[in-house]
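The next block holds one structure in the form of structure tokens; read it before the comments.
Just follow the structure's listing: the first ligand is 1, and inside any ligand the first atom is 1.
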Amino acid sequence: MAITWEAERPSDYLTRLASSDFGSAYKSLVLAELGLQPGATVVDLGCGPAADLAPLARAVGSAGRVVGIDHDASAVAIAAQATLAHPQVEVEVGDVHRLTLATGSVDRVHTDRVLQHVDDPDAVIAEAARIMRPGGVAAFAEPDWGTLVIDSPDPSIPEAYRRFICDQVIRNARIGRQVPALCEHNGLTVSRVLPVTGVFRDVATADRVFGFQRVTHRAVEAGYLTAGDGAAWLSHLRSASLFVSLTLFATFAERS
Ligand SMILES: C[S@@+](CC[C@H](N)C(=O)[O-])C[C@H]1O[C@@H](n2cnc3c(N)ncnc32)[C@H](O)[C@@H]1O
């Protein structure tokens with residue numbers, strides 16, 4: 001198995017995930033469903049190194065405005081370089097819990113795999129609702145790690161592995177299923193929840209997304225797997241005909 005993730009900058013991993021078959025398929029679906037019009041203002045919360053800023057810029061055209069916000073200054077610097085050809089794009093370092101944008105000032109909000117990591121997803125959705133104009137639409141694309149399915153001769157091992165990820169690795173691991181209720185809690189109307197399931201059969205691709213070796217070692221240290229089960233699990237992943245799947249839910253919500 002090619003273990004390369006840890007040696008890379010997170011921005012490299014994010015860029016490659018965004019351009020993988022799964023990444024580009026669900027990103028296109030989300031963008032199409034967001035219904036961006038030329039001239040619109042759209043904010044990408046947690047934009048990272050700009051996977052979505054150029055497509056957003058193309059959708060709103062030269063009369064539109066795209067604002068990318070991320071708290072990681074190095075990702076924002078990469079995003080600024082990557083979008084030089086799109087003068088309608090602005091990127092800034094900021095915390096998505098506390099936006100500086102004015103109330104009712106944007107047409108669309110886009111977030112992709114951000115709420116899973118934040119301290120308080122409810123507060124971030126409240127901010128998204130605040131900055132949208134009446135009629136504005138937000139898209140929140142978030143995985144639900146409770147949907148992680150990995151085939152194994154001993155099903156108790158992937159179940160323990162998934163439990164470790166949900167308990168200890170991803171801060172808001174079951175956010176995918178929680179976003180619709182959080183939108184409603186913040187006065188938004190949920191118009192659609194679009195499920196997108198990625199199925200990974202290639203070990204190297206799956207390892208880039210899931211970091212099997214690193215996560216398995218941590219699961220053993222945390223007592224979720226025995227050392228023997230951890231070794232058997234990694235050996236199975238290296239040698240077996242792989243089946244890994246994860247579902248991401250894209251929730252679309254409108255401000256009335
Ligand atoms: C999984 S990455 C997704 C990046 C990008 N949306 C994409 O699709 O490639 C999550 C991003 O959220 C950002 N992030 C996490 N918490 C944040 C916060 N409180 N404020 C701003 N950005 C945050 C991280 O720095 C990271 O760039």
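The ligand atoms of ligand 1 that sit less than 4.0 angstrom from a heavy atom of Asp72 are 25 (O). Interface of Asp52 with ligand 1, defined as ligand atoms under 4.0 Å from a residue heavy atom, comprises 8 (O). Every atom of ligand 1 with a heavy atom of Ala51 under 4.0 Å away is listed here by number and element: 9 (O). Those atoms of ligand 1 with a heavy atom of Lys27 less than 4.0 angstrom away are 7 (C), 8 (O). Using a 4.0 Å cut-off to heavy atoms of Asp95, the atoms of ligand 1 that qualify are 18 (C), 19 (N), 20 (N). Ligand-side atoms of ligand 1 in range of Val114: 12 (O), range being under 4.0 angstrom from any heavy atom. Each of the following atoms of ligand 1 lies closer than 4.0 Å to a heavy atom of His97: 19 (N). Of all atoms in ligand 1, listed by their number and element, those nearer than 4.0 Å to a heavy atom of Val118 are 16 (N).
An N or O contact shorter than 3.5 Å links His71 to ligand 1 by distance. Some N or O of Val96 is nearer than 3.5 Å to an N or O of ligand 1, by distance alone. Taking distance alone, with nitrogen or oxygen atoms compared against 3.5 Å, His117 stays at or beyond that limit from ligand 1. In terms of N/O distances under 3.5 Å, ligand 1 is approached by Gly46. Checked against a 3.5 angstrom limit, the closest N/O atoms of Asp112 and ligand 1 fall inside it. Ligand 1 has an N or O atom lying under 3.5 Å from an N or O atom of Asp70, backbone or side chain.
In Cys47, the part holding a heavy atom less than 4.0 Å from any atom of ligand 1 is the backbone.
Counting heavy atoms from C-beta outward, Arg163 and Cys166 have side chains that stay 4.5 Å or more apart. Within the 4.5 Å cutoff, side-chain heavy atoms of Ile150 are placed close to those of Trp233.
Taking a cutoff of 4.0 Å between a charged side-chain nitrogen and a carboxylate oxygen, Arg113 and Glu142 do not qualify as a salt bridge. Of the charged side-chain nitrogens involved, at least one lies within less than 4.0 Å of a carboxylate oxygen, so that Arg65 and Glu90 count as a salt-bridged pair.
In summary, the aromatic rings of Phe22 and Phe200 are positioned with their centroids under 6.0 Å apart.
Side-chain polar atoms of Asn172 and His117 form no donor-acceptor pair below 3.5 angstrom. Looking at Arg133 and Thr41, their side chains never bring a donor and an acceptor atom within 3.5 Å of each other.
In this structure, Gly94 is part of the shell of residues with a heavy atom less than 4.0 angstrom from ligand 1.
Taking CZ of Arg255 as the start and CD1 of Ile131 as the end, the distance is 10.5 Å to the nearest 0.5 Å. Atom CD of residue Gln88 and atom OG1 of residue Thr83 lie 9.0 Å apart, to the nearest 0.5 angstrom. Note that CG of Asp229 is 6.5 Å distant from OG of Ser156, once rounded to the nearest 0.5 Å.
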